[in-house]
Amino acid sequence: MDDKYHPQEVEEKWQKFWEDNQSFRAAEDPSRPKYYVLEMFPYPSGRIHMGHVRNYSIGDVVARYKKMRGLNVLHPMGWDAFGLPAENAAIERKTHPETWTRENILYMRTQLKRMGLSYDWEREIATCEPEYYRWNQWIFLKFYERGLAYKKASSVNWCPSCETVLANEQVIDGGCWRCETPVVQKNLEQWFFRITDYAEELLRDLDRLQGWPGKVVTMQRNWIGKSIGAEILFPLAGRQGAVRVFTTRQDTVYGATFLSLAVEHPLALELSRGTSRESAAKEFVERIQKISHARRGEEDAEKEGFITGAYCENPFTGEKIPIYLANFVLMEYGTGAVMAVPAHDQRDFEFAKKYGLPVRVVIQPKDTPLKAEEMTEAYLEDGIMVNSGPFSGLSSHEGKEKIALFLEEKGWGKKDIRYRLRDWGISRQRYWGTPIPIVYCDKCGIVPVPENQLPVTLPRDVPFTGKGGSPLLDSKNFLDASCPKCGGAARRESDTMDTFVDSSWYFLRYVSPRFDSAPFDSKSATAWMPVDQYIGGVEHAVLHLLYARFFTKALRDLGLTKIGEPFTNLLTQGMVCKETYRCAEHDWLFPGELAGSDQAGWRCPKCNRPVEKGRVEKMSKSKKNIIDPEELIAAYGADTARLFTLFAAPPEKDLEWSAQGVEGAFRFLTRLWRFVFQNKESLAAARSDASHGELPPDLRNLRRMTHRTIKKVTEDIETRFHFNTAIAAIMELLNAVTAAAKDGPESNREMPVVKAALEAIVALLYPFVPHVASELWASLGQNVPLDLAPWPAYSKEAMEEENLLIVVQVDGKVRSKITVPADASSEYIKEEALADPKVRGFLSGKEIHRVVQVPRRLVNIVLEG
RNA sequence: GCGAAAGUGGCGGAAUUGGUAGACGCGCAGGAUUCAGGAUCCUGUGGGCUAACACCCGUGGGGGUUCAAUUCCCCCCUUUCGCACCA
């Protein structure tokens, strides 16, 4: 290596070194504490993008740092390889999803290796391999045995573009999570996982996730949506039966003046059957059902109702109250029927005003009485119960409890808890996923495939035409099966599993990736789990991260592991963004460019108008603001790509692309490289470090700064993951080194301290830029590779200050700064401050009221008046 | 509408416990080097007013607590994210 920095050369050399030496193989070792760091595995889409670069750079810093700290680090990587894009690509390119996926994995693996990430590649997994997905099927069968997997017909979310069902979690703002196409409702028979069995535990254990961002915890809490209340039966008037309602406000039951039913409610049509209202009811139900759920929920959708003509009895007041159908009542939540209390629910209030229904106040605020006829909106707060028979005078809180007990006594209802969380629909009408291990026999019905017949493999010879419907339906070989029970002719389930099943337990597979008698070796799981640090995007807050928690608990209950939570600490990294450029007339037109090009001066190729700078947005193909990491790495090297993404912003915040920022990162590495190589001889000749006593003051300062920097970098990584400030501190240290060695190599007296500082810089940089750090470490004469070196230590003695800079304020404004010996008494510091000529100028003629001192930092002289 | 987070130079961002606001990087300006460009090195760089020293102002806006506020409290504005008829 010469004194010019050639990143490609350096990076190739060290990547080969790591590969040859298997530097990052992980093995269980009971003698050392373990550390499992994991980044969310990628979908093999074809090429890595900047989001991957950021995600994996962050993870690599953590992995390499923890390794240097002496922990036994597990840092694996794999592929979330099933999914729809492979199938679409197969249709478009006339290839096979498997071919496409394998090619992508091959390509992306070399890209990741090119980044110099410290993975144990021996543990690599891909979810599309039968060795992996057979365990999806195995888990499915275990779930089926325990009633955690079941099939039912229901109204499900259907994406017309992806031609498949979606789970509730995969519907974002009424659209498909993948393609944003508006989702429609369909009635289908589907397989479900009973995640609702774990609703309470999933909710309760959120309190244990102290290492998770509060935002994600809140999102999961809201998604699970626990409501504590009561179920109340309202007997139908003049006929058998009752309407069951769920309410969280049983304290307002005396104010229930009508009932509202969802149009999907079983009684919706039933109640007016055979009456003059029958056909009108049908019309209303059909009209509302046509509107999708998302549209029905739109902000100012007007409350609409239909009077069924039927009545029921409020068991508490004995009153006959009318039953309405209402467009805003959801069949999916509670019982699909609500008791309407117009005085204390805004929706019921609006509905009552519109249809002229009575508003009865049954809760009073403490001081000001409420008058129904003066109300302009519902009173939603708790208060004192009134007009509530024997319950009047109780607080809402007491009332809820007393009414619930009373209900149970009378047999009118019971206490009840409801969750918003629905069971997880896992059937997908697509090819490229795990086949559901079920056959349908005319005689025996639904029959699970026996464990010893797993895996049920995907047939390879299937046409991909894009004509719609699952390609598996065209594979007679696949569909035809014999019934495992009776041996008769049977048909295989043609639906595959949601790919989120694959990712719900992959972190467990890594602990024993080739284990072939269970999804994973429980002993290894005990050794490595839980994941100590998980890193990925926030978009999975209620998808993957909820499913993975559910699987962990369910697998625990199957006796496979002991842990109840998979991820102890979670870091959700921000997005990678870039400014966009657009023509006012035409669409986004201008692709991102690497350093140097001034897009602002470009013109629109359609109309030749100058383009305008648009907003800074998340890098995406549609916004044409993508930077291809491969080009970045080719131009500057992986170390610069890593350094830039780590330095430009703290990990949890969005990162804005900056070509100049990349240049800056590269310049820093070049500067460090040049300094080491230009002083190679004198550095090699010098010993490292010198004791304090033998040093002149300027070198004492450099030595002090070296140790302070080690401390700061350690704390920034350890406690906050603030890599940007850690890197800034290292840059400062290099600035100080070059300043100290300004006089050139002839002044060799400073070399020991300079050398010690450089060793610290290089070691501290290793987690961020491992290739260049490894090379410079060797150039400094170190024989042991940096991969095996311990994290640098700082000494308290070396950091001790000889002098202190004291800020002197007068009336809270900084007026002077004085330097005092580190051991000066506060009395002495005060005297010095008062004697300071600048300070005296502000004191003349005025009386000193008091003097505030902060030890070792500040004196504030407060004047009278 | 509800909830959360954020708002600091020309830009990305620092300031960890209430104690020197603007670290570090980018950009810009001046200088050195160079035939020139590039690269590199040095110096400067919040605004105002200055010849300079000094002084004044300054962390979205307004108020408050404090000897001292980017940091704590109240009100308002803006942006981003999440939830959005959940009974």
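Just so we're on the same page: letters track the sequence lines, and every chain starts at 1.
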Engineer: Taking atom CG of A:L669 and atom CZ of A:R667, what is their separation to the nearest 0.5 Å?
Structural biologist: 11.5 Å
Engineer: When the ring planes of A:F246 and A:Y333 are compared, do they come out parallel, tilted or perpendicular, using 30° and 60° as the limits?
Structural biologist: perpendicular
Engineer: Does A:K712 make a side-chain donor-acceptor contact with the base of B:U16, cut-off 3.5 Å?
Structural biologist: yes
Engineer: Of the nucleotides B:G19, B:A15, B:C67, which one has an atom closest to the side chain of A:R850?
Structural biologist: B:C67
Engineer: When you check the gap from the basic side-chain N to the acidic O, do A:R287 and A:E304 get nearer than 4.0 Å?
Structural biologist: yes
Engineer: What salt bridge (charged side-chain N to carboxylate O under 4.0 Å, His left out) pairs are there with at least one residue in residues 212-221 of chain A, not counting sequence neighbours?
Structural biologist: A:D207-A:R221
Engineer: When you check the gap from the basic side-chain N to the acidic O, do A:D836 and A:R840 get nearer than 4.0 Å?
Structural biologist: no
Engineer: Which nucleotide in the list B:C24, B:G19, B:G12 gets nearest to the side chain of A:N735?
Structural biologist: B:C24
Engineer: When the distance from CD of A:E715 to C1' of B:A15 is rounded to whole Å, what number comes out?
Structural biologist: 15 Å
Engineer: Please work out if A:R418 contacts a base, only the sugar-phosphate, or nothing of the nucleic acid, heavy-atom cut-off 4.0 Å.
Structural biologist: nothing
Engineer: With rounding to whole Å, what would you report as the distance between B:U66 and B:C73 at their P atoms?
Structural biologist: 16 Å
Engineer: Does A:R347 reach a base, just sugar-phosphate, or nothing at all? Heavy atoms under 4.0 Å.
Structural biologist: base
Engineer: Hey, does A:R856 reach any base, or is it just sugar-phosphate, or nothing, if we go heavy atoms under 4.0 Å?
Structural biologist: nothing
Engineer: Contact class for A:F842 vs. all strands (heavy atom < 4.0 Å): base, sugar-phosphate, or nothing?
Structural biologist: sugar-phosphate
Engineer: Heavy-atom nearest nucleotide on RNA chain B for A:D716 versus A:R249: which residue maps closer to 5'?
Structural biologist: A:D716
Engineer: Do the charged groups of A:E231 and A:K415 touch, with an N to O distance under 4.0 Å?
Structural biologist: no
Engineer: How is A:D345 classified with respect to the nucleic acid when contacts are heavy atoms under 4.0 Å: base, sugar-phosphate, or nothing?
Structural biologist: nothing
Engineer: What's the CG-C1' distance between A:L672 and B:G25, to the nearest Å?
Structural biologist: 16 Å
Engineer: Within the structure, does a side-chain N or O atom of A:N327 lie under 4.0 Å from either OP1 or OP2 of B:C85?
Structural biologist: no
Engineer: Within the structure shown, what part of the strands sits under 4.0 Å from A:S658 by heavy-atom distance: base, sugar-phosphate, or nothing?
Structural biologist: nothing
Engineer: For a quick test of reading the model: is some side-chain N or O of A:R671 closer than 4.0 Å to OP1 or OP2 of B:C24?
Structural biologist: no
Engineer: From the set B:U20, B:C86, B:A15, return the single nucleotide nearest to any side-chain atom of A:T725.
Structural biologist: B:A15
Engineer: Restricting to ring pair (Phe, Tyr, Trp, His ring centres under 6.0 Å), what partner residues turn up for A:F666, sequence neighbours left out?
Structural biologist: A:Y5, A:Y636
Engineer: Taking CG from A:L380 and C1' from B:C86, how many angstroms apart are they, rounded to a whole number?
Structural biologist: 14 Å
Engineer: Scan A:G225 against the nucleic acid and name what it touches under 4.0 Å (heavy atoms): base, sugar-phosphate only, or nothing.
Structural biologist: nothing
Engineer: What nucleic acid atoms does A:V814 come within less than 4.0 Å of, heavy atoms only: base, sugar-phosphate, or nothing?
Structural biologist: sugar-phosphate
Engineer: When you check the phosphate oxygens OP1 and OP2 of B:C67, does a side-chain N or O of A:R815 lie under 4.0 Å from one of them?
Structural biologist: no
Engineer: Do the numbers put A:K303 on top of the ring of A:F351, so that NZ or CZ is under 6.0 Å from the six-membered ring centre and no more than 45° off the axis?
Structural biologist: no
Engineer: Which nucleotide sits closest to the side chain of A:K215: B:U40, B:G19, B:C81?
Structural biologist: B:C81
Engineer: Which part of the nucleic acid, if any, lies within contact of A:Q809, taking any heavy atom under 4.0 Å across all strands shown: a base, the sugar-phosphate backbone alone, or nothing?
Structural biologist: base
Engineer: Looking across every strand, which nucleic acid part, if any, lies under 4.0 Å from A:I861 by heavy atom: base, sugar-phosphate, or nothing?
Structural biologist: nothing
Engineer: What base-paired stems does RNA chain B take part in, with at least 3 consecutive Watson-Crick or G-U wobble pairs and both distances under 3.5 Å?
Structural biologist: B:1-7 with B:77-83, B:10-12 with B:24-26, B:27-32 with B:40-45, B:46-48 with B:55-57, B:60-64 with B:72-76
Engineer: Grab the CG-C1' distance between A:L805 and B:A23 for me, whole Å please.
Structural biologist: 16 Å
Engineer: With sugar-phosphate meaning primed atoms plus P, OP1 and OP2, does A:V862 contact a base, only sugar-phosphate, or nothing at under 4.0 Å between heavy atoms?
Structural biologist: sugar-phosphate
Engineer: Does B:C85 have its OP1 or OP2 closer than 4.0 Å to a side-chain nitrogen or oxygen of A:R420?
Structural biologist: no
Engineer: Quick one: label A:D348 by what it contacts on the DNA or RNA (base, sugar-phosphate, nothing), any heavy atom closer than 4.0 Å.
Structural biologist: nothing
Engineer: Just checking A:K817: base, sugar-phosphate only, or nothing, at a heavy-atom cut-off of under 4.0 Å?
Structural biologist: base
Engineer: Between B:C26, B:C41, B:G19, which nucleotide gets closest to the side-chain atoms of A:R674?
Structural biologist: B:C41
Engineer: Do the side chains of A:K813 and A:D811 get close enough for a salt bridge, i.e. N-O under 4.0 angstrom?
Structural biologist: no
Engineer: Write down the distance separating the P atoms in B:C24 and B:A14, rounded off to the nearest Å.
Structural biologist: 14 Å
